[in-house]
Each structure stands twice: as C-alpha cells, then as structure tokens.
Asker: 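One structure coming up, written as structure tokens, with questions to follow.
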Amino acid sequence: MKSLAGTGGLIRLILRRDRVVLPLWIVLLVAISVSYVQEYGDLFPTPESRVKYAGNAGFITLYGELSGPSLGEFVTWRLGFVPVMIGLISLLTVIRHTRVEEESGRRELLGATVVGRHAQLAAALTTVLGANLVLAVLLALGMHSQDLPLSGSVAIGLVYAGTGWFFAAVGAVAAQLTASAGTARGIAIGVLGGAYVLRAAGDTSAHTDGPLAWLSYVSPIGWAQRIHPYAQNRWWLAVVLLAVTVLLVAVAVSLAVRRDVGAGILADRLGPADGTLGSPLGLAWRLHRGLLAAWTVGFALLGLLFGGVAEGVGDMMRDDPGIQEMFQRLGGAAGLIDSFLAGVMTLVGLIASAYAVQATLRMRVEESSGRVEPVLATATSRWQWAASHLVFSLLGPAVALLAAGVAEGLAYGVAIGDVGGQLPRLIGAALAQLPAVWVLAAIAVAIIGFFPQASMASWAGPTVCILIGLVSAGVSTADWIRDISPFTHLPSLPGGSVSAGPFLVLLAIALLVGVAGLVGLRRRDLPA
Amino acid sequence: MPAAISTEGLVKSFGRTYALDGLDLAVRTGEVHGFLGPNGAGKTTTIRILLGMTRADEGTARVLDGDPWSDATELHRRLAYVPGDVTLWPNLSGGEAIDLLGRMRGGVDKKRKAELLERFDLDPRKKARAYSKGNRQKVALVAAFASDVELLLLDEPTSGLDPLMEEVFREVVQEISDREGRTVLLSSHILSEVEALCDRVTIIRAGRAVESGTLNELRHLTRTSIQAELVGPMDGLAQLNGVHDLQVDDGRVRFDVDTDEINPVLRRLTEIGVRSLVSQPPSLEELFLRLYEPEAVK
Ligand SMILES: Nc1ncnc2c1ncn2[C@@H]1O[C@H](COP(=O)(O)OP(=O)(O)OP(=O)(O)O)[C@@H](O)[C@H]1O
Ligand SMILES: [Mg+2]
C-alpha cells in the first residue's frame, strides 16, 4: 500500500485544479439530458411518431436502434451521443492528470515527496470514476424528477457512468504506453472512435439484416447502449462494463510497474543527426502535421458516415408530415435531405472550430513550455512565428472541412447516382462554415495576445457555440442567445439561399479580432 | 569601440514585484562579462530584455548598437542565446533542433557543428524527450557556439553539465573570446567558472547593480582576515577604521579588515609589537557572499 501513499493529497490537488471544469461538465450534461425529456415528449407525443422518427437508417447509424416506444426509451436513444462525450471527457481528464504531469516534469517534483509510485494514477482514476458516479446519481434523480420510472433512470445513469468508467480506464492504459501525452490522447481517442464506428456499423447492418450485426457486441459503446434503460434494464451489462474497467485498470497498473517515470512502454526511436527543417513554417508543419492528419481523417470518416445515411433520412421523413415540419424548422430551406445535410454541416463546422482553437492554442503551448525562447532568439520575428502557427489554425480546418465535404459528396453522390452534382454542392457547403470557424480562431488569437494566462478560455468559444447548437435544435431559444454563435449567421447549406453579406461580416470580424490579437502579441512580453 | 551591451536605469515590474529597479550594465566589445547575483536578482529578466522578449518599463538598452526591442530580428542574426533551462521539441532529434535554430539564425557551419558535437560528447540522433537535462543543455550550447555571431548571451549555461563538460565549456568560451574576439555575457552561479573566464563582472541584487569591475578591482572591496599574537596591550584596535569582528583571546587577536584600510591597521599592530602574524587574502566566495547579502545594497 506504500505505492498508494499520498493519493488523498493528489485527489485534492486534482479537485482543486479542476474545481470549475469538473462540476461544469457534470451539471451541463445532466441538465441537457434532463431537458430532452420535456422537449422530445412534446415533439413526439405518440409512440408511433417516436418509432417512425427513430426508424430511419441515418439515425440508426448515429444513435443505434430504439429499444421501445416509451418516452424514457426514446429519450435515452436520442441522447445516444452523450455517453460518447462522457467517454471523451473521461479519457482526456485521466491523461491530463497522469501523462501530461509526467511529460511536464511536475510528476517528478511530486514523486520525490511522500507520494507512492501508483498514487498519481490512482488519484486520477478515483477522481474521474467518482465524477462519473456523481453524474450517474444526479442523472437518475433528474430523470426520475421528470416522472420517468426510477429503475430506468438508474439504468441510464449506469449507461453514462459505465461508458465514462470504461474510457477513463482506456485513458489510463494509453497514458502508460507512450512518453508523449499527444500520442496517448491519440491512442485513447482512436479506441473511442473505433468503438463508436463498430457500434454504428453493427447497428446499421442489423437494421438491414446484414451479416455484421455482431460488430455492435464487441463495442463497449454497444454494451452500454444495450443496457436498455426503461426497457429490460439489463444491470448485468453494467457489471460487465465495470469488470472490464477493473481489468483495464489492472493492465494500466502492471504497465506502470514495468516502466520508469517519464518513459513509455513503446520506446522512442532514434532520429536523424542532421535536420532539414530551417524555417518557422517548417517547424510549425512538424508540430501541426499529426493534428492535421488526424482531424482530416476523422472529418473524412464523418463525411462518409453522414453522406452514406443521408438518403435513408429522406425516405423516412417524406411520409411523416410532423417530422417534415420539424426538420424544416431545424434546417430551414428546401428539401428534407438538404436540411439534414445542412444540419450535419453545422455540426461539422462546430467540430472544426474546436480544431481551430486547438491549433491556435499550440502557439501558447510553445510559449508556456519555453520552446518559443530559442526560436525568438534567432532572426525569426514574432510575426513570422505567429503566422507560421496561424497558417495551420486557419488552413487546417479548411483542409479538414474540405475532406468532410469531399467524403460526404462522394458517399451521398454514389448513393443517389449523382456524384457530379453533389460533390461541388457539399464541398461548397462544408467550406461555407469557414468564416464562423475563423471567428472563433481569431478570438483565441486575441485571448493569447492580450490575456495569455487565460488562454484556456479560448475553449469557451466552441463550447458555447456547440451548446447553443444543441439546445436550440430542440427548445425554442431566445434570438439574442442564438445570435451569439457565428454559426447562426451562416446560410443553411446545401439548399439555402446564399448572400455575401454574412460571410463578409464574419470575415471582417475574424480579420479585425485576429489582427488586434497579433498587435497585442507584438506588444507584450513573450514569453509571459 | 562601442559597448556591445549598455543599459541605463532599466526598470521592469511584474505586478507589484520589481524584477529590475534601475539597472546599469555595460559590456565592452570582445570581453567575457560575468553577470552574477542571488536567485531572483533579475539576471534572466535582463537577458530577456536584451533579447527583445521582454519590454522594459523604463530605461534604455542598447545591444550591438541597436534597440533590442525594435531591431530584434536584425540583431538576432548577430547574437546567440542559451537559456538556463532548455526545453526542446520532444519529437525532434537533437541534431534537427541544432540545425533548425542555426538556419533560422542565418546558417549552420557543418564542420563546426560536428566538432562541437564531438567535444561535448553528444549523440544528435536522440529525440529531445530522451535527453537528460545536461544533454538538453548541450544541444543549446552546440547550437549557439556553432553559429557565427558577435555576441553570446548565456544564462546559467552550464547548469546540469558534469565537471568534464564544464571543462569543455570553459575551453570553448576561452577559444571564442581569445581567438575570435567575440563578446560573451555569462550569467552564472559558479564562481570558479566566473573566475576562470570573465574579464569583468557585474553583480546585481534586487534588480540593481551593486558592483561592477574586474575581479582584481572587486577584491579590493573585500576584507583580509588577520590573526596575530601581540606583545603589548591591544588598545585602540577596535576604534580603527575598517576593523570588523575583533576577537581578543589571551594575547591573540583575530579580525577582518577592509582591504583598503589595511595599512593604518598594520602600522598600529607593529606599534604594539607583533610576535606572529597570519593574513588570509580575501576569497572570491567571501566577496560574493558579502555582496549577495541584503545590506550590500547601497
Ligand atoms: N513572468 C514573470 N511574472 C512575475 N514575476 C516574474 C516573472 N519573471 C520574473 N519574475 C520575478 O522577477 C524577479 C527576477 O527574476 P529573474 O528570473 O530575472 O531572476 P534571476 O536573477 O534570473 O534568478 P535565478 O538566479 O534564480 O535564475 C523574481 O522576483 C521573479 O520572481
Ligand atoms: Mg535566471
């Protein structure tokens, strides 16, 4: 037990460092989930309308199969994306409090005090597993308060928590594998993405009586979903998730025993003795290329997925006037499929803005790690240095969006036999998101320029926009709230009417805010 | 010849703390200038101002006859910098980092780089994350020494180097200063290093220069300790100027005397009559310890 000495203190440290973020995501996700009961109960009052809404191929790929027509089951189904978000947050949090600590050397500082060798891992896991449990309890209470049965409400809590537990443990294993936090994140997010794709492919195949239905059963996301809250309430599946979590934690611990602090299990290879890099832009390319490739591939997959299911959405919506009306409201403009695709594009744009902010924050990472000092001590000016990174925070999302548009255009075009027509439309619709994405990138530049210590606040941009998107999709939201998000001002594409006005205004805002941020960066101490 | 570095009345505050509080610093072209002071005295802050990374609140600074803030890019072609705590890109090998920094400064001398790698016994193929602290430091040193520059700003460059490498560092600095006539500003806590390398030193405390000059000049500022056995009564010794910490013990005295007051004190001793006398010259350590103490600020 000596290896766990100091765990309590470390937990307090984590809770202190995350005292805002941790309660925030718990409360937000519970609140959003609970609000869906009322919303979707009003939108789809009858079992028939629910079954119909949930029965099309597109939704089955996205959220899986509906277990039954009761309101509880329907809401659980529609909230299928939330466990994935919880999994993502859980794995990122675990990695942040383990591998990132080690990479930055802070772990060594603590390790020299009376902190056992497993204490850091134990503290991170305890915190994240505990947070998921709190979330489950709050969710159960919240759902029950909406007049849903208690047992089912506990079960949906376990769907959320079980997914969170599993991916927290995945994060713990990934953190042991490599010495770099970036690679660890990549591995863990890869597992999450893989689990989601397996579930999506399996469910889609099952719906069409295909041979690949079993894929859902090898995906932990599939297991959690098959707990089927408000229906069978299969508690044993939650036990399975918990057991696998325990197993993964044991793997993480045994890996941790076998390696040194700061090192990974996968050894580093030797690099070249001479370099070819010779400019700030070359350096930025080295620093950004992994991120760019990962996002581009992810966006292409997203495009394929949505493009592939779009036609099915159209089939099902055509014969239901209620849903037709709702989708008109969601997407605006003509054509049911177009409004579905336009909704998808907004989603893709929102995700792209997260990439834009992440890429922009690389600049600050370079600064706070001290790596900017030797660069700025050469003939590289601050402008050149900032520009080399901004190339990637501006053009990176453009490349990723292009990939999404091409993939979506190809998939949808092939499905309806009109590649030539759909490809340019959907590429255009994807790239039309850019001005809004750039506004959020520019805000990040301004924050880095004027309030470098508060750079993490840049994440507020995409977060707020995503929340506005999520909430206003169902509930009617005050105009001024919706107007905060630059995405609200983009035309609904494909299908909607386009005018240059909003684009120009957004571009002007992005330019103004971005240049102001660069001026701030030029005038302040760097590093600060 | 114009000074390589000159600052007058530099002031820099971070919120309520004054990192620099009217710093004057003059580094002549071609000299190795030691820059010393206790932790938090403002050495790193000064060097960052000289590099145009930090902007001074008040005062003027000139580097190689340019303004370090507005002419940063041009000046940086002519100078190189080694930070005390080197962080590198984890995915780049040491060799890549050296070449990158060299090219961004204006070019790498391949032969010189190879020679320095050899002398510092550094494997350039390792990824930066696999380097030890000392080896990271060597990467920055090789990158700086391999470039053809007039001025080197070194901020505790040898922190983490083993004694063997510390020796190599001294050789290289001596070479570039003697043979090539380059100017070096060397911030350091290692007194033997300063004594071996520096022509002149500036000592700062709490953001202000407390002393500046050659080491010999500074030695005059310190005290010689004297032990003597006397024949007569030791009247009047304590009242003499420059005598400190007088201890009397049965015919023996022991005290420190300011080096520039030594003559009158010796005269008084011989008047009393000396049976034996031991005098210890001031050590550099004592000098620095005294200047580092808070009351040293005049
Ligand atoms: N970015 C900053 N924000 C706030 N205070 C700072 C900052 N940088 C330096 N300081 C403060 O300024 C003072 C001088 O720091 P500086 O790093 O220049 O000292 P130093 O002489 O290099 O010390 P050391 O020998 O420990 O390297 C210290 O009190 C330090 O705490
Ligand atoms: Mg310092």
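Proteins come first, then strands; the chains are lettered A, B, ... in the order of their sequence lines, and each starts at number 1.
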Asker: To the nearest 0.5 Å, how far apart are CD in A:Glu373 and OG1 in B:Thr87?
Answerer: 7.5 Å
Asker: Who among B:Pro124, B:Ala143, B:Ala140 has the most heavy-atom pairs with chain A under 4.5 Å?
Answerer: B:Pro124
Asker: If you count every heavy atom of other residues, nucleotides or ligands that lies below 6.0 Å from B:Gln174 atom CD, does the total exceed 12?
Answerer: yes
Asker: If the contact rule is any heavy atom under 4.5 Å from chain A, which residues of residues 98-106 of chain B qualify, in numerical order?
Answerer: B:Asp99, B:Leu100, B:Leu101, B:Arg103, B:Met104, B:Arg105
Asker: With a 4.5 angstrom heavy-atom cut-off, could you sort out which part of B:Leu153 is near chain A: side chain, backbone, both or neither?
Answerer: neither
Asker: Output all residues satisfying ring-ring contact (aromatic ring centres under 6.0 Å, His included) with A:Phe392, sequence neighbours left out; order by chain, then residue number.
Answerer: A:His288
Asker: Around atom CZ of A:Phe451, are there more than 12 heavy atoms from other residues, nucleotides or ligands closer than 6.0 Å?
Answerer: no
Asker: What part of A:Thr380 gets closer than 4.5 Å to chain B, counting heavy atoms only: side chain, backbone, both or neither?
Answerer: both
Asker: Show your working on side-chain contact (heavy atoms from CB on, under 4.5 Å) between A:Arg371 and B:Leu88 and close with a plain yes or no.
Answerer: CA-CA 6 Å; A:Arg371 291 190 290 259; B:Leu88 298 165; 5.7 Å; no
Asker: May I ask you to test the A:Leu277-B:Trp89 pair for a side-chain heavy-atom distance under 4.5 Å?
Answerer: no
Asker: Please output the residues of residues 53-66 of chain B in contact with chain A, using a heavy-atom cutoff of under 4.5 Å, in numerical order.
Answerer: B:Met53, B:Thr54, B:Arg55
Asker: If you compare all heavy atoms of A:Ala379 against all heavy atoms of B:Arg77, which two are closest, and at what distance to 0.1 Å?
Answerer: CB-NH1, 3.5 Å
Asker: What is the minimum heavy-atom distance between A:Arg382 and B:Gly52, and which atoms define it?
Answerer: NH2-O, 3.2 Å
Asker: Is there a donor-acceptor pair under 3.5 Å between the side chain of B:Ser93 and the backbone N or O of A:Ala273?
Answerer: no
Asker: Of the listed residues (A:Leu376, A:Thr276, A:Leu283), which shares the most heavy-atom pairs with chain B below a 4.5 Å separation?
Answerer: A:Leu283
Asker: Quick check on the structure: residues of residues 520-528 of chain A within a heavy-atom distance below 4.5 Å of chain B, by number.
Answerer: A:Arg522, A:Arg523, A:Arg524, A:Asp525, A:Leu526, A:Pro527
Asker: With a sphere of 6.0 Å drawn around OH of B:Tyr18, does it hold more than 12 non-hydrogen atoms of other residues, nucleotides or ligands?
Answerer: no
Asker: How about B:Glu118: does its CD atom have over 12 heavy atoms from other parts shown lying under 6.0 Å from it?
Answerer: no
Asker: What residue in B:Glu96, B:Glu74, B:Arg48 has the most heavy-atom pairs under 4.5 Å with chain A?
Answerer: B:Glu96
Asker: Around atom CZ of B:Arg125, are there more than 12 heavy atoms from other residues, nucleotides or ligands closer than 6.0 Å?
Answerer: no
Asker: So which part of A:Arg286 gets closer than 4.5 Å to some heavy atom of chain B, the side chain, the backbone, both or neither?
Answerer: side chain
Asker: So what's closer than 4.5 Å to chain A heavy atoms on B:Lys12: side chain, backbone, both or neither?
Answerer: side chain
